[in-house]
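Reminder, nothing fancy here: chain letters follow the sequence lines and each chain counts from 1.
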Amino acid sequence: MATFPKRPRIDSTVSNPQLCKALRERSDKLKLKMTDISNAAEKVNKVIDKIITSEPTKSHPLFKSMEKLSTGSYYEGVKILRPNEFDIMLKITFESYQKIVPTSIDESGAFYTLAFKQQKPPSMAKYIDDEGNLLAQSILADFRTLVEKILSTLDGSVSLNKRESSSPAVTLTISNKPEAISVDLVLALEIQQWPREASVGMKTDNWLGKRKIQEYKNEPCYMVAKKPSQGTKYNKDTWRISFSNIEKDIMNNHHEKDNTTCQETMCCRKPCLKLMKDLLEKLKHSGTQSINEFISYHAKTALLHICTNYPRDEDWKMTNLDVCFKRYVEFFQEYLKNYDLLNFFIPSHNLFSIDDIPKKSCDNLFEALENQKTNDYPLFQPKVQSAGAMPFPQFYRGYI
DNA sequence: TTATGCTAAAGCGG
DNA sequence: CCGCTTTAGCATAA
């Protein structure tokens, strides 16, 4: 429960026009170019369509129900710099009589076994063990084989990446200039009823509104074939829960409840997330010690929590971008210091501990963020003034 | 299944 | 800064 830092502290902070302008310029630089989007979208969509509609897929007992559910940064409109990474969830649904029951296997509420409650369809026998549990890894393996087979009928511009043992994704590389495009295909089983562990999350009535939250809880959630990080702990095949569908809807409809006229004041929730992703990437490449474990999902989750604390569009005015971003950084630092970043949907699920992130890495990132914040984000600066030439309080001088 | 209309975001010109 | 056009993605209807 003691998740959030104390409220105000920086509410009184006044925007600094120079810093605000500099952040906005950086944010503009992160935008995707329309020509890049067109190129990439055409190629990606073509491949996905091929995979879904090909004969081997359509004749497979399990995969024939596959439908595209585009998720992740690109489709949430927060991808930065170039459209070079796509996340596509391929969802599988079961006939109504084939009820599947998720059972949580640990305290976190992140991992589940999935068992057929009623009859087991004979065509699916190879994916089900003696107790009726669905075998995540064998389904994933067959899916990979299927994709491989379909790609082999193509012109060779698309290749299959090497398998990564803990990843639930089958990753494709599409050749493209100036840069290859990588596409994560994530096979996901659709579950109609949210597990009990998820029923207490998403406490954000003031931001999204009770009605909207209830609508979300009536939507399905998904199970993906991701192993727990200590692989041998559970002998059964396990699944990890995913709310990518809800996350996407929130990101694309993130204004405060009942606000239908949000056009007038542009909010900076998305720009803040883009800047944070950019900053994390830059820190990773700047030699900052062991912070490579942090992923954009941590940044996104932090943003969702902060939006809950600051629910009003008024709290996110574009003209206050610097204040909002500083607030974001400080909340994120608080999560790092407490080693406590909870999954937005499942409060029992601490992202840091589930992903086995060392406390030391959190401390390192805390310090790196502190340094960036107090020096007005030197890593955002356009280009290097060759080393040494510019000692550290760099640009944006002349305020305060 | 396909066609059509809407929206958010990029791009551009004032 | 503001308004206009274009585009991809998506929802809805036919």
| remark: Contacts satisfying side-chain hydrogen bond (donor to acceptor under 3.5 Å, both in side chains) that involve residues 269-284 of chain A (not counting sequence neighbours) are A/Arg26-A/Asp278, A/Ser73-A/Lys277, A/Asn252-A/Lys270, A/Arg269-A/Asp313
| task | Would you mind reading off the distance between A/His255 atom NE2 and B/dT7 atom P, rounded to a whole angstrom? | result | 14 Å
| request: Write out all pairs satisfying ring-ring contact (aromatic ring centres under 6.0 Å, His included) with one or both partners inside residues 22-46 of chain A, taking only residues at least two apart or from two chains. | output: none
| request: Using whole Å, report how far CG of A/Leu81 lies from C1' of B/dA10. | output: 15 Å
| query | Under the ring-ring contact (aromatic ring centres under 6.0 Å, His included) rule, what pairs show up with a residue in residues 34-74 of chain A, not counting sequence neighbours? | reply | A/His60-A/Phe63, A/Phe63-A/Phe143, A/Tyr74-A/Phe86
| request: Round to the nearest Å and state the distance from A/His254 atom NE2 to B/dT7 atom P. | output: 16 Å
| message | Contact between A/Ile241 and A/Phe345 at the side-chain level, heavy atoms closer than 4.5 Å - yes or no? | response | no
| message | Across nucleotides 1-14 of chain C, 5' to 3', mark each nucleotide with B, S or - according to how protein heavy atoms within less than 4.0 Å reach it. | response | S----BBSSS----
| Residues from residues 268-280 of chain A lying under 4.0 Å of DNA chain B - heavy atoms | A/Lys270, A/Lys274
| Do the side chain of A/Thr153 and the main chain of A/Lys149 share a donor and acceptor less than 3.5 angstrom apart? | no
| field | A/Lys31 NZ to B/dG11 P, straight-line distance once rounded to whole Å | value | 7 Å
| message | For A/Glu215, give me all partners under side chain to side chain contact (heavy atoms under 4.5 Å, CB included), at least two apart in sequence or on another chain. | response | A/Arg211, A/Lys212
| To the nearest Å, how far apart are A/Met251 CE and B/dA8 P? | 15 Å
| field | Residues A/Lys43 and A/Asp155 bridged, charged N to O under 4.0 Å | value | no
| task | Can you tell me the distance, in whole Å, between the CE atom of A/Met266 and the P atom of B/dA9? | result | 8 Å
| query | Charged N to carboxylate O under 4.0 angstrom, A/Glu148 versus A/Arg144? | reply | no
